[in-house]
Amino acid sequence: MKVFVLLGAPGAGKGTQAALIANRLGAVHISTGALLREEINCGSFLGQKVKSIVESGSLVDDSTLFECFAVALTRAREANKFALLLDGVPRNLNQVKILDEVLLKLSLKVDAAIDFETPVDVLIERLSNRWTCQKCSAVVPGNSEGLAPSSCGSCGATDSYARRKDDEPSSVSRRLSVYASETAPISGEYERKGLLRRIDANQEPELVYLDVGAVITKKLK
Ligand code: AMP
């Protein structure tokens with residue numbers, strides 16, 4: 001199983017692309033943000049611990065994050081699909097190291113890091129007008145009036161779209177500044193390792209999909 005890290009700021013479209021690739025090509029998609037939101041929604045101990053941190057747009061500490069991620073990773077390994085897409089991890093340089101260690105224990109390694117490059121004004125516009133399905137985490141833009149569809153195009157749930165608390169303006173600015181200081185330097189690390197692939201994420205989703213698909217296909221050869 002090849003492992004692809006999806007890098008890019010909040011709103012760059014990592015989750016949308018990972019879901020497309022998982023649904024159409026049968027890859028496994030792990031979104032650490034979605035894992036944490038599930039914990040929050042079901043009110044688990046871990047969920048209660050991270051709720052205010054996630055909603056404010058700050059990062060959860062590395063050990064709590066990997067506690068949650070390790071379970072999903074083991075399940076993904078067992079599914080043994082052709083590709084694993086990591087969306088939301090690593091989020092800082094220390095997580096790059098921890099991720100390598102946990103992957104190695106499962107005889108896996110990062111095969112490529114795909115950097116979704118998107119101008120900041122586009123990120124803000126997308127984050128301020130998007131809806132997330134509470135059931136499957138699918139994300140859609142609002143219609144011309146800023147409203148969500150009545151049923152989810154991915155899982156079919158009705159009235160399941162809601163605005164994420166951390167898509168509110170104060171959390172968005174925190175998330176973008178955390179991204180710039182903590183997460184953006186990761187690209188340089190993967191570049192040094194010869195694993196970085198940059199794509200233009202400021203295109204229609206189907207065009208981004210072609211670019212992401214091309215990176216993945218090349219690695220599978
Ligand atoms: P996302 O859905 O990827 O935008 O993540 C939503 C929120 O979950 C982030 O703003 C963080 O609070 C938390 N989060 C997700 N992934 C990580 C991670 N790898 N490390 C720390 N916090 C994370």
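Counting starts at 1 for both ligands and their atoms, in listed order. These figures come from a predicted structure and were not determined experimentally.
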Could you tell me which residues satisfy side chain to side chain contact (heavy atoms under 4.5 Å, CB included) with Asp62, sequence neighbours excluded, listed by chain and number? Asn92, Asn94, Gln95, Ile98
Does any part of the side chain of Val54, heavy atoms only, come nearer than 4.5 Å to the side chain of Glu39, both counted from C-beta? no
Side-chain heavy-atom pair Arg174, Ser58 within 4.5 angstrom cut-off: yes
Charged N-O contact under 4.0 Å between Arg192 and Glu189: yes
Looking at Asp111 and Lys109, is any side-chain nitrogen of the basic one under 4.0 Å from a carboxylate oxygen of the acidic one? yes
Can you tell me how far apart CE (Met1) and CG (Leu108) are? Round to the nearest 0.5 Å. 5.0 Å
N/O to N/O under 3.5 Å, ligand 1 against protein:
residue  : atom   : partner : partner atom : Å
ligand 1 : 2 (O)  : Arg37   : NH1          : 2.9
ligand 1 : 2 (O)  : Arg37   : NH2          : 3.3
ligand 1 : 2 (O)  : Arg164  : NH1          : 3.4
ligand 1 : 2 (O)  : Arg164  : NH2          : 3.3
ligand 1 : 3 (O)  : Arg91   : NH1          : 2.9
ligand 1 : 3 (O)  : Arg91   : NH2          : 3.3
ligand 1 : 4 (O)  : Arg91   : NH2          : 3.4
ligand 1 : 4 (O)  : Arg164  : NH2          : 3.1
ligand 1 : 4 (O)  : Arg175  : NH2          : 3.3
ligand 1 : 5 (O)  : Arg91   : NH2          : 3.3
ligand 1 : 12 (O) : Ser58   : O            : 2.5
ligand 1 : 16 (N) : Thr32   : OG1          : 2.8
ligand 1 : 16 (N) : Gly88   : O            : 3.3
ligand 1 : 16 (N) : Arg91   : NH1          : 3.4
ligand 1 : 19 (N) : Gly88   : O            : 2.9
ligand 1 : 19 (N) : Gln95   : OE1          : 2.9
ligand 1 : 20 (N) : Gln95   : NE2          : 3.0
ligand 1 : 22 (N) : Val60   : N            : 3.1

